[in-house]
Asks: 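A single structure is presented below for examination.
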Amino acid sequence: MKRLKGIQVANGYAVGKAAIVSRPRLQISRKQIGPDEIEQELQRFQDSLDKVKAELNLLIDDYAHSRDNRDILTTHKLILEDPEFIANITTLIRKELLSLEQALHQHFTEVIDLFRNMENSYYAEKSSDFEDVAYRLLSYLTNQGRDYLSGLSEGAIVITENVTPSGVARFFGRGVKGIVAASGSRNSHSAIIARSMNLPFVARVANVLETVSPGDELILDGYRGEIILDPDEATRSEYRKLLVRETEYHEKLLSLRDKPAVTSDGHQIRLMSNIELPLEVEQVLANKSEGIGLFRTEFLFLEREELPDENEQYEIYKKIAEQMYPEPVIIRTIDVGGDKLSRILNIEHELNPNLGCRGIRISLGHIPIFKNQIRAILRAGVRENVKIMFPMIASCAEIIQVKRIVRECVQELRDKSINCAENIKLGAMVEIPSAAINSFALARECDFLSIGTNDLIQYTLAVDRDNQSVEKYYIPHHPAVLKLIRMSAENAHKNGIKLAVCGEMASQSLYVPLLIGLGVDELSVSPGLLLEIKELIRSISYTACRELADKALELVCHDSVLEFLKKKD
Ligand code: PEP
Ligand code: MG
């Protein structure tokens with residue numbers, strides 16, 4: 001028996017046999033051709049292009065619901081249609097008498113090396129697109145490694161180097177029980193999707209591909225972020241019990257789907273879900289969430305050669321609004337650092353991207369792009385269940401400016417006789433201390449406020465949320481953070497509006513009673529954790545939450561707050 005440690009990405013236990021998922025190496029046997037074979041080889045080239053493009057078209061249709069995957073596959077088709085690529089392969093066959101397979105191998109090896117060695121990480125990552133295309137063409141031509149996932153049996157635990165968001169969805173579709181990866185992170189899109197699908201996932205397990213063999217007995221402990229190879233009988237029996245308990249617990253949770261998120265003394269909390277990708281709506285609906293409290297729209301804007309237009313965005317927002325109707329959908333306008341969009345928007349490299357051109361600052365600096373998004377949301381909101389939320393608001397002036405832009409967008413649509421939500425509700429994210437401190441004035445300008453604790457903690461405590469070396473300084477229960485939340489709640493209520501929390505704190509059981517006690521009215525959580533949080537809310541009393549929060553606010557030091565919260569847990 002051997003324990004291999006990784007990082008916890010998605011909770012859950014899995015017991016099963018390991019399935020190693022990696023692409024097999026393809027063997028290219030014939031290197032040279034004779035002059036009389038040139039035409040035949042060129043015809044094979046054309047046939048293979050047609051065949052692989054047809055395959056990609058089918059996949060693009062299969063992924064109609066996932067923009068990310070469709071975009072990736074469309075990029076792959078463009079690589080196959082690139083005139084330079086076609087000319088180069090033709091020359092290698094005609095002039096150097098290389099076999100088609102050898103010509104493709106030589107061409108792609110050079111291109112992949114070129115991209116891999118680029119300093120800009122965006123371009124370096126692009127090398128994997130060329131690897132994908134080369135693999136597709138060569139596996140078709142050599143008839144090797146056609147579907148390396150076909151051997152994946154239901155109930156297997158996948159061991160892989162890395163996993164893409166579409167990979168998580170494919171593994172889920174094949175009934176795998178869990179994922180173990182040699183690399184990856186907690187905050188990746190793949191991680192978020194695994195959590196929303198309740199698929200246990202442990203990442204960054206060093207040397208896992210060298211240590212585990214296909215068919216090995218494995219236990220995956222997603223709570224601890226570790227796997228156990230060849231478990232002994234005592235460990236197996238321990239995990240069998242844990243699995244039974246977990247299954248029973250999930251079944252019990254399902255019975256809560258139709259029940260309200262109300263405390264034992266009758267205080268109602270609206271419990272909503274955060275989504276990153278449209279495909280997560282299914283899970284949101286399955287758990288009967290009371291709406292989408294945060295739809296991060298960044299996925300539409302990243303990894304693209306050009307920005308999505310108004311219509312493309314409208315179709316996506318409209319579909320989600322219809323799926324969720326009559327529950328509310330809060331669409332957040334783009335919130336990416338300028339560094340991520342710099343290629344498309346021509347933004348200079350920034351030394352401190354988190355303090356630079358981020359969120360609303362990008363939108364206000366690129367009004368036509370911002371207006372496209374606003375108009376798309378306004379059009380999708382005709383049935384009145386859509387709201388707009390603005391990220392990274394630091395001052396009231398920004399909200400006033402944004403409201404004027406929304407009014408202009410309404411007028412533009414009216415002028416074209418296009419239906420839209422003329423009185424759409426607008427809200428600001430409170431994630432910069434200035435917004436919390438100034439929340440009375442902000443609340444007066446808004447229909448709702450939502451605290452992004454992930455950033456509020458980062459900016460209040462001056463600690464980079466993604467920097468592992470300062471992890472210990474990232475303290476959600478810091479008295480300063482708690483005071484800002486209480487202040488925002490009081491100011492929202494004085495102005496007759498609701499205060500939500502959509503940051504990770506809302507998905508963490510330890511903090512939920514505290515947030516409720518601080519005066520938070522709505523929580524927006526990871527879809528996979530919604531029922532767990534609902535169960536917790538139904539088990540606590542509002543009076544006790546208030547007492548807990550009041551007491552926590554009196555403590556001067558975050559250590560004592562934590563100790564106190566744990567004692568009450
Ligand atoms: C937050 O900051 O808490 C938040 C919800 O926004 P994001 O995590 O997308 O920055
Ligand atoms: Mg944020």
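We count ligands from 1, going down the list as the structure has it; atoms in each ligand are counted the same way.
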Asks: Looking at F448, does the NZ or CZ of K425 lie under 6.0 angstrom from its six-membered ring centre and within 45 degrees of the ring axis?
Replies: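 Relative to the ring axis of F448, which defines the angle, K425 lies outside at least one limit.
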Asks: What atoms in ligand 1 come closer than 4.0 Å to a heavy atom of R296?
Replies: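 The atoms of ligand 1 under 4.0 Å from a heavy atom of R296 are 4 (C), 5 (C), 6 (O), 7 (P), 8 (O), 9 (O).
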Asks: Using a 3.5 Å cut-off on N or O atoms only, is R332 in polar contact with ligand 1?
Replies: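 Yes, there is a polar N/O contact under 3.5 Å.
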Asks: Any heavy atom of M505 closer to ligand 1 than 4.0 angstrom?
Replies: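 Checking ligand 1 against M505, which is what was asked, there is no heavy-atom contact under 4.0 Å.
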Asks: Relative to each other, are the rings of Y317 and F295 parallel, tilted or perpendicular (30° and 60° limits)?
Replies: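 Correct class here is perpendicular.
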Asks: Taking heavy atoms and a distance under 4.0 Å, where does M429 meet ligand 1: side chain, backbone, both or neither?
Replies: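 For M429, the contact with ligand 1 is made by the side chain alone.
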Asks: Near R358, which atoms of ligand 1 are under 4.0 Å from a heavy atom of that residue?
Replies: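 Ligand 1 atoms under the 4.0 Å threshold to R358: 10 (O).
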Asks: L294 heavy atoms, cut-off 4.0 Å: which ligand 1 atoms fall inside?
Replies: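 Once the distances to L294 are compared, the set is 5 (C).
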Asks: Could you check if a side-chain atom of V386 sits within less than 4.5 angstrom of a side-chain atom of I377, using non-hydrogen atoms only?
Replies: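 Touching, per the 4.5 Å side-chain cut-off.
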Asks: To make sure I understand the geometry: which N, O or S atom in D455 is closest to the Mg ion (ligand 2)?
Replies: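 The closest N, O or S atom of D455 to the Mg ion (ligand 2) is OD2.
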Asks: Looking at D335, which atoms of ligand 1 are within less than 4.0 Å of one of its heavy atoms?
Replies: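 Taking each heavy atom of D335 in turn, ligand 1 has 10 (O) under 4.0 Å.
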Asks: Any atom of ligand 1 sitting under 4.0 Å from a heavy atom of Q458?
Replies: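 False for this residue.
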Asks: Verify, without hydrogens or angle tests, whether E298 (side chain) and V336 (backbone) share a donor-acceptor contact under 3.5 angstrom.
Replies: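 Absent.
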Asks: Using only atom types and a distance under 3.5 Å, with no angle test, would you say the side chain of R270 pairs donor to acceptor with the backbone of E290?
Replies: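 Yes; at least one donor-acceptor contact below 3.5 Å.
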Asks: Can you say whether the rings of Y223 and Y13 are parallel (under 30°), tilted (30 to 60°) or perpendicular (over 60°)?
Replies: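 Because their plane-to-plane angle lies in the 30° to 60° range, the rings of Y223 and Y13 count as tilted.
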Asks: N/O to N/O below 3.5 Å, does that happen between E298 and ligand 1?
Replies: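 No - when backbone and side-chain N and O of E298 are compared with those of ligand 1, no distance drops under 3.5 Å.
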Asks: Looking at the Mg ion (ligand 2), is there an N, O or S atom belonging to E431 that lies under 2.8 Å away from it?
Replies: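 Short answer: yes, at least one N, O or S atom is under the cut-off.
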Asks: Considering only heavy atoms from C-beta outward, does the side chain of D521 approach that of H493 to under 4.5 Å?
Replies: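 In short, these two side chains touch, coming nearer than 4.5 Å.
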Asks: Check each atom of ligand 1 against the heavy atoms of G503 and keep those under 4.0 Å away; list them by number with element.
Replies: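 With G503 as reference, the close atoms of ligand 1 come out as 3 (O), 5 (C).
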Asks: Answer whether the closest heavy-atom distance between the side chains of I292 and V281 falls below 4.5 Å.
Replies: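 They are in side-chain contact.
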Asks: Go through ligand 1 atom by atom and flag the ones less than 4.0 Å from a non-hydrogen atom of R465.
Replies: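 Numbered from 1, ligand 1 contributes 2 (O), 7 (P), 8 (O), 10 (O).
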Asks: Would you say that F201 contacts F171 through its side chain, given a criterion of any heavy-atom pair below 4.5 Å between the two side chains?
Replies: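 No - every pair of side-chain heavy atoms lies 4.5 Å or more apart.
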